[in-house]
A.B. asks: 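Before we start, here is the structure in question, set down as structure tokens.
Remember, predicted model here, so these are calculated numbers, not experimental data. Both ligands and their constituent atoms are indexed starting at 1 by order of listing.
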Amino acid sequence: MINRIKITILGRRCKLPFLHQYTRVDIGGYGNNTYFWSSSISNSFGLMKTSQSSSAGALRIIPAFLILVSVSLLFMECKSAVRSGSYVNITDPADERKIDSIVSLLTLEEKVNMLCGNGLFTSPGIERLDIRDLNYTDGPFGIREELERKSWTPLGLTTDSATFFPTGSALAACWNPELAYNYGKAMGEEAKTRGKDILLGPAINITRTPLNGRTYEYLSEDPLLNSELAVAYVKGVQASGVASCVKHFAANNQEAFRGLVDVQMDERTLREIYLPAFKAAVTEGGAYAVMAAYNKFRGSYCAENDFLLNTLLKGEWGFNGMVVSDWGGTHSTVNSALYGLEVEMGSAQYFNDRLLEAVKQGQVPEAVINDKVKRILRVNFFCHTAPPPPMISQVSTPGHMKTVYDIACQTIVLLKNTKKILPLDDQKVKSIAVIGDNAVQKHAKGGFGAGVKTRYEISPLEGLKNRIGGSVKINFVQGYKPVYTGTDGTGKIPDYAPDKALISEATRAASRSDVAILFVGNNREVETENSDRKSLTLPFGQDELIKAVCAANHNTIVVVVAGAPVDLRVADSCSSAVLWSWFNGSEGGNALADVILGKVNPSGKLPFTIPARLSDSPAHALGTYPGKDLVVYKEGILVGYRWFDTKQITPIYGFGHGLSYTDYAYADCTTDKPSYGKKEIIHVSLKIRNNGSMDGSETVQLYVSELNSRVLKPEKELKAFKKVQVPAGGEVNVKLEVPVANLAWFDDKRMGWVVNPGNYKLSVGSSSKDIRDTVQIIIK
Ligand code: BGC
């Protein structure tokens, strides 16, 4: 129990946490005496010495009081920083001394005890000092239901539902850091309400292969988009007083053999593609925690990887928070301790008595343990000095529902609308055949891994019925059934055989309706943690269904519900329009209906390339996936559109693609100067005119190409983007900034970033494949 009273310190009224009457916190002292704070206000303002018999005791109250005041001020500083949403990075030497003083009061046993989970989602504090355990939660797209303390069995409570947020790739399709911040903030508030301290998200591994089972959790194939969203997400979570744990560090780009595979890549590729979002999340976002990945990197498991954890993260990037293992991803005692892991999570095999023994034997210096405890205490103080869980639940509030609705609206990508069939005019359309299992599937849970016991999830069919159910005849037929032929031990294997009876029923429904909306794609059994998909082909015979329905009704709109690229060749060739919806959160169905009906103008842009065929994408073209014990990233820096553009391979839909119901014209693209020094910033300005009759938002993308580079450079690379609202018939000025330093490449011979002098082309456009204007500049 924690009580609070108000006292005045240095003229400021403040609340101090008072500790339980029967617990005590040692806060200072000298000789054999330590002092503690008791919540019994009646006993001389609560300050007691452990040895009451000493006559000098009264004198010693004074230094103890001063220490108490300093600790209290630290609490207050943290609190106000949390309120202002800024990063509480305890680097102030005075604050560090306070943490040091707590560490000095701990026994070795107490310290080692803090380094291993004491439940599946908790790690220990220090009970005698009333430093609470840390409570963790998945993340990254909603607060997980409560489980038994030491098992994965749900407790079956009625009080642990939460909002289902659009998953990672959906969020990325908004290309909107402001929304990523709102997303993190709302989820942080739900975590706080549920008494959680650390949110296990965002998940920011790069989309290297479209088959990765967790692509739906991750953000993008592009390091800049990934970084900007990660930073905003982290800041949002932490503004709620919950620590963000970015994962999975590093190079966890496939689920196949994730616990075994050793990832090898050159240093340039690592720095330019796979690390930027982690670095930004830590150095700009101020993330308090990092989760080490399951895989090995250059020969060592990520949870015992000296280079990743000590040299890069804690050394080069100055990270002073804590590293946790992925669940069950610890493999050693001494190496993990020496090479940078703070907390073993999901298992209790290595950071237990074995670690204690290793310290006693001198294999792990006690100073290393002290450093770990200090890192944990920084996080603990941040979480526990932040405002306590709100009295009124912040779960699924109207505000959060609006946040997920707004996000869901901006995720939806209009891939094709050749006959301008969209938006549907519900005054003219009298009947709609809604076809396909994904019209009614819910995606908050499923497969292996984190899910959300969502308070509600509006399916596409429910969304359409909510909006036009009273005026338009909606006829739902299933079209295909998710059928699995078995399991490979990690995930279910989808059946690819079409169901002839369901297809006939679908074509009948389509031919009798004005319009057919066909919902295809994957589900959370197909896209799942712990296994990758085996192919890009739509499962359950959906291509046969698409062909049949499109033939039966020429006004067929295909809606793809998936979190990762799928083979869209059939859908693209025979439908009138294609929309991409995602695992799109609690309000996904309402948002989709509003886009279909034109209440919302679509503005989503693909955060990844959709290849025509799997063999076109780099890791597969080069046969460097999945490996087993070893995978070498032979494509190097040519990941995603960097590969497709450089190799001149045409995807079905390129990175950044997404249409609108209106037309945007780009004009007057200029830079502020023709040439720049290496420390300058390139200011680009242009005008976007909305030539249509509907308000909308356009994401302006700026790509940079170095002309005649002496080293390999991708054909172009995203260097800035901005989403702007443009009213119908209106025009807005867009300003983009690119620091010249961001044009650098990583020279692994010199182990440093280099900006090549020379000519560069800046291309602005609506997607990587739809460049509207270019400007050339010179870098001196
Ligand atoms: C996943 C993590 C997750 C953890 C706890 C692991 O299997 O890789 O992303 O946070 O489980 O659920």
A.B. asks: Once salt bridge (Lys or Arg N to Asp or Glu O under 4.0 Å) is applied, what residue pairs with a partner in residues 287-299 remain, sequence neighbours excluded?
C.D. replies: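 Applying salt bridge (Lys or Arg N to Asp or Glu O under 4.0 Å) to every pair that reaches into residues 287-299, excluding sequence neighbours, yields Glu267-Arg298.
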A.B. asks: Suppose we screen for side-chain contact (heavy atoms from CB on, under 4.5 Å). Which residues come up paired with Leu630, at least two apart in sequence or across chains?
C.D. replies: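 In terms of side-chain contact (heavy atoms from CB on, under 4.5 Å), with neighbours along the sequence ignored, Leu630 is linked to Asp262, Gln264, Val632.
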A.B. asks: Check ligand 1 against the protein and report each N/O to N/O distance under 3.5 Å, formatted as atom name, atom name, distance.
C.D. replies:
{"from": "ligand 1", "atom 1": "7 (O)", "to": "Tyr294", "atom 2": "OH", "distance (Å)": "2.9"}
{"from": "ligand 1", "atom 1": "7 (O)", "to": "Glu529", "atom 2": "OE2", "distance (Å)": "2.5"}
{"from": "ligand 1", "atom 1": "8 (O)", "to": "Arg214", "atom 2": "NH1", "distance (Å)": "2.8"}
{"from": "ligand 1", "atom 1": "8 (O)", "to": "Asp326", "atom 2": "OD1", "distance (Å)": "3.2"}
{"from": "ligand 1", "atom 1": "8 (O)", "to": "Asp326", "atom 2": "OD2", "distance (Å)": "2.6"}
{"from": "ligand 1", "atom 1": "8 (O)", "to": "Glu529", "atom 2": "OE2", "distance (Å)": "3.4"}
{"from": "ligand 1", "atom 1": "9 (O)", "to": "Arg214", "atom 2": "NH2", "distance (Å)": "2.9"}
{"from": "ligand 1", "atom 1": "9 (O)", "to": "Lys247", "atom 2": "NZ", "distance (Å)": "2.9"}
{"from": "ligand 1", "atom 1": "9 (O)", "to": "His248", "atom 2": "NE2", "distance (Å)": "2.7"}
{"from": "ligand 1", "atom 1": "10 (O)", "to": "Asp138", "atom 2": "OD1", "distance (Å)": "2.6"}
{"from": "ligand 1", "atom 1": "10 (O)", "to": "Lys247", "atom 2": "NZ", "distance (Å)": "3.0"}
{"from": "ligand 1", "atom 1": "12 (O)", "to": "Asp138", "atom 2": "OD2", "distance (Å)": "2.4"}
{"from": "ligand 1", "atom 1": "12 (O)", "to": "Arg144", "atom 2": "NH1", "distance (Å)": "3.2"}

A.B. asks: With sequence neighbours excluded, tell me which residues meet ring pair (Phe, Tyr, Trp, His ring centres under 6.0 Å) with Phe583.
C.D. replies: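 Listed in chain order: Tyr216, His443.
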A.B. asks: Should Asp326 and Arg258 be marked as a salt bridge (charged side-chain N to carboxylate O under 4.0 Å, His left out) after you check the CA-CA gap, both sets of side-chain angles, and the distance that decides it?
C.D. replies: CA-CA 11 Å; Asp326 202 340; Arg258 68 179 183 180; 5.3 Å; no
A.B. asks: Can you measure from CG (Leu115) to OG (Ser325) and round to the nearest 0.5 angstrom?
C.D. replies: 11.5 Å
A.B. asks: Salt-bridge test for Lys605 and Asp222: reply yes if a basic N is under 4.0 Å from a carboxylate O, no otherwise.
C.D. replies: no
